[in-house]
S.K.: 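Got a structure here, written out as structure tokens. Questions coming.
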Amino acid sequence: MSFLASVAILLTITAALSFINEKFLKWECSLGLTFCTLVAAVLVIALRTSGVTWADQATEYVASIAFSETFLHGTLCFLLFAGALDVPLAEIECERKIIAALALGATLIATLLIGISCWLLLGLIGIDIPLAVALLFGAIISPTDPIAALAILRSAGLPKRLEGLIDGESLFNDGIGVVLVTLLLGIATGSEAAAPGTAVQLFLYEVVGAIVLGLTVGAATHFLLAGTTTDTSRLLVTVAAVTGAFALGEHIGVSALIATVILGLIVGNFSLRGALEQAAAERLNVFWGAVDQLLNSTLFVLIGMHALLIDISGRSLAAMSIAIVCVLAGRWISVAVPLGLAAGHDGFNSTRLQLVNLLTWSGLRGGLSIALALSLPPEAERSLLVAMVYGTACFSIIVQGLTIRRFFPQADMQRMADLV
């Protein structure tokens, strides 16, 4: 099948399911698309087991998409850049300590807690995996995806301070998570030295190098945008900057994700809100907003479609169940620790506890975690980890996503925002 035909099929499926969701379910787009695609995938699996030929062809089509390669080295840079454009630096600056604690501290703590608890519990039911592989799962599943959660919470009246906190954490913990996955994958497969000093050096190089790269490309992009006079030139400059920063980051071995986020923050806060005229900035924002919506819609459809490739067995289902419990518990503790430290002498009252619950339940997992799992080599227990990651991601998107608004009324969220 040609590339154009493959894309045409994917966009047609996305458009059809979007129409069904808007007409009948009326759920938030990402939730509706994931749910509809999962239902369709279950039907295809049933037909496949009955020997229907075209069901096998549908499975082959999904396998041919190469989700991991396409997402990690293609669409992800555009999604991160578009997401960062809309985040005011003032919000990040206001909550910089908590955002840094959540993006770095909570991701590290969650990786350890999720990995160790899964390793212990899986061992109890006879699924023995190396501790390094369990920690690898923790690193893969720790980064949060706020797309669906923020869309739901905004419609429920999410205060700006909480929106900035959730957005800020998710923008940076993606990059931190990928760096941890790279380090732990090297240890799990024996291709990287396990010495703590070596790991810390690599971690600092990837993170600090990414920040320097993002600032450098961002400054150059700002200079070029300030000197352009046509929309075509502005579009070309931003697209070139995003793809260039991402490709250069991968080439020199720093976190391309963090570099892209830094670039987006610079362009969004200094170029669109300063160097360009308001009308020109709005047109550029509309373009990147459309790119963001299109890519996100197809992403959630792809997430649902990959149910066709998941190993559904008693062993996998048991591992999925354990993974979901461990991820929720690990996320809760990893959020409670930095927020508890931030509380200081004020203590951990009921409202702050609600904030921990909100950040835990709204910490959905999405395309990044699935793509990272699919990129693993076979020796890293790939089949089992893919099933665990996929089950956790689908649970978070559908179950957590559908119940966020019910569990956290607007009045409660406003009290939480006052504590931040």
Side-chain angles (χ1 to χ4, degrees), residues 74-97 99-100 103 146-147 150-151 154 158-176 207-252 254-296:
T75 60
L76 183 55
C77 62
F78 299 111
L79 287 170
L80 287 173
F81 177 78
L85 283 179
D86 293 328
V87 179
L89 273 176
E91 292 183 4
I92 293 181
E93 173 65 21
C94 184
E95 316 299 342
R96 64 186 183 280
K97 292 182 180 179
I99 288 175
I147 297 165
L150 279 177
R154 281 170 184 155
L158 179 68
K160 278 291 181 184
R161 295 189 71 180
L162 288 183
E163 182 179 330
L165 182 63
I166 295 172
D167 239 341
E169 180 201 0
S170 64
L171 281 174
F172 289 101
N173 70 9
D174 283 356
I176 299 297
V207 173
V208 176
I211 294 173
V212 173
L213 175 61
L215 290 173
T216 304
V217 178
T221 305
H222 177 72
F223 173 78
L224 291 173
L225 286 174
T228 58
T229 57
T230 65
D231 288 338
T232 302
S233 295
R234 296 183 189 108
L235 289 178
L236 288 172
V237 167
T238 53
V239 172
V242 174
T243 54
F246 199 87
L248 184 57
E250 291 191 325
H251 179 70
I252 63 177
V254 302
S255 173
L257 306 188
I258 295 177
T260 306
V261 169
I262 298 294
L263 170 63
L265 290 173
I266 291 174
V267 173
N269 285 272
F270 296 103
S271 303
L272 299 188
R273 297 185 179 95
L276 300 180
E277 296 179 359
Q278 184 176 356
E282 287 178 355
R283 289 193 294 273
L284 197 58
N285 243 332
V286 167
F287 168 78
W288 281 106
V291 170
D292 187 43
Q293 292 177 15
L294 175 62
L295 292 179
N296 271 317

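Below, all heavy atoms of this structure are taken into account, side chains as well, without hydrogens, waters or symmetry copies.
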S.K.: Among Leu295, Val291, Asp174, which one satisfies side chain to side chain contact (heavy atoms under 4.5 Å, CB included) with Leu79?
M.R.: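 Exactly one candidate clears the test, Leu295.
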S.K.: Using the side-chain hydrogen bond (donor to acceptor under 3.5 Å, both in side chains) rule, collect all pairs that involve residues 74-94, keeping only residues at least two apart or in two chains.
M.R.: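 Sorted result for residues 74-94: Glu93-Arg96.
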S.K.: Show which side-chain atoms of residues 239-249 pair as donor or acceptor with protein atoms under 3.5 Å away, not counting sequence neighbours.
M.R.:
unit_1: Thr243; atom_1: OG1; unit_2: Val239; atom_2: O; d: 2.9
unit_1: Thr243; atom_1: OG1; unit_2: Ala240; atom_2: O; d: 3.2

S.K.: Distance check, rounded to the nearest 0.5 Å: Ser255 atom OG versus Ile176 atom CD1?
M.R.: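 Nearest 0.5 Å value for the OG-CD1 distance: 7.0 Å.
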S.K.: Partners of Phe81 by ring-ring contact (aromatic ring centres under 6.0 Å, His included), sequence neighbours excluded?
M.R.: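 ring-ring contact (aromatic ring centres under 6.0 Å, His included) check on Phe81 returns Trp288.
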S.K.: Measure the spacing between CD1 of Ile258 and CG of Leu171 and express it to the nearest 0.5 Å.
M.R.: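 So the gap between those two atoms works out to 11.0 Å.
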S.K.: Which heavy atom of Arg161 sits nearest to which heavy atom of Cys94, and what is that distance?
M.R.: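 Looking at all heavy atoms of both residues, the closest pair is NH2-SG, 4.2 Å.
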S.K.: Find the distance between CG (Leu276) and OG1 (Thr228) and round it off to the nearest 0.5 Å.
M.R.: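 Between Leu276 CG and Thr228 OG1, I get 6.0 Å after rounding to 0.5 Å.
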S.K.: Which residue pairs satisfy the salt bridge (charged side-chain N to carboxylate O under 4.0 Å, His left out) criterion with at least one member in residues 240-249, sequence neighbours excluded?
M.R.: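 Not a single pair qualifies under salt bridge (charged side-chain N to carboxylate O under 4.0 Å, His left out).
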S.K.: Under a 4.5 Å cut-off applied to non-hydrogen side-chain atoms, are Leu85 and Asn269 in contact?
M.R.: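 Heavy-atom side-chain distance check fails, nothing below 4.5 Å.
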S.K.: With side-chain hydrogen bond (donor to acceptor under 3.5 Å, both in side chains) as the rule and sequence neighbours excluded, what pairs involving residues 214-224 come up?
M.R.: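 Residue pairs passing side-chain hydrogen bond (donor to acceptor under 3.5 Å, both in side chains), neighbours aside: His222-Ser271.
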S.K.: Rounded to the nearest 0.5 Å, how far apart are CD of Glu250 and CG of Leu257?
M.R.: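 It is 8.0 Å, given to the nearest 0.5 Å.
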S.K.: Side chains of Leu89 and Ile266: closer than 4.5 Å at any heavy-atom pair?
M.R.: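 SC-SC contact between Leu89 and Ile266 ruled out.
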S.K.: Could you note down all residue pairs passing salt bridge (charged side-chain N to carboxylate O under 4.0 Å, His left out) where residues 277-292 supplies at least one of them, sequence neighbours left out?
M.R.: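 Qualifying pairs: Asp231-Arg283.
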S.K.: Looking at every non-hydrogen atom in both residues, tell me the closest pair between Ala256 and Thr260 and how far apart they are.
M.R.: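 That closest heavy-atom pairing would be O-OG1, 2.7 Å.
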S.K.: Using side-chain heavy atoms (C-beta onward) and a distance below 4.5 Å, is Phe172 in contact with Ile262?
M.R.: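 Answer yes - side chains close enough.
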S.K.: Could you grab the distance from atom CG of Leu263 to atom CG of Leu213, nearest 0.5 Å is fine?
M.R.: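 Between Leu263 CG and Leu213 CG, I get 8.5 Å after rounding to 0.5 Å.
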S.K.: Any chance you could measure Leu294, atom CG, to Phe78, atom CZ, to the nearest 0.5 Å?
M.R.: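 It comes to 11.5 Å.
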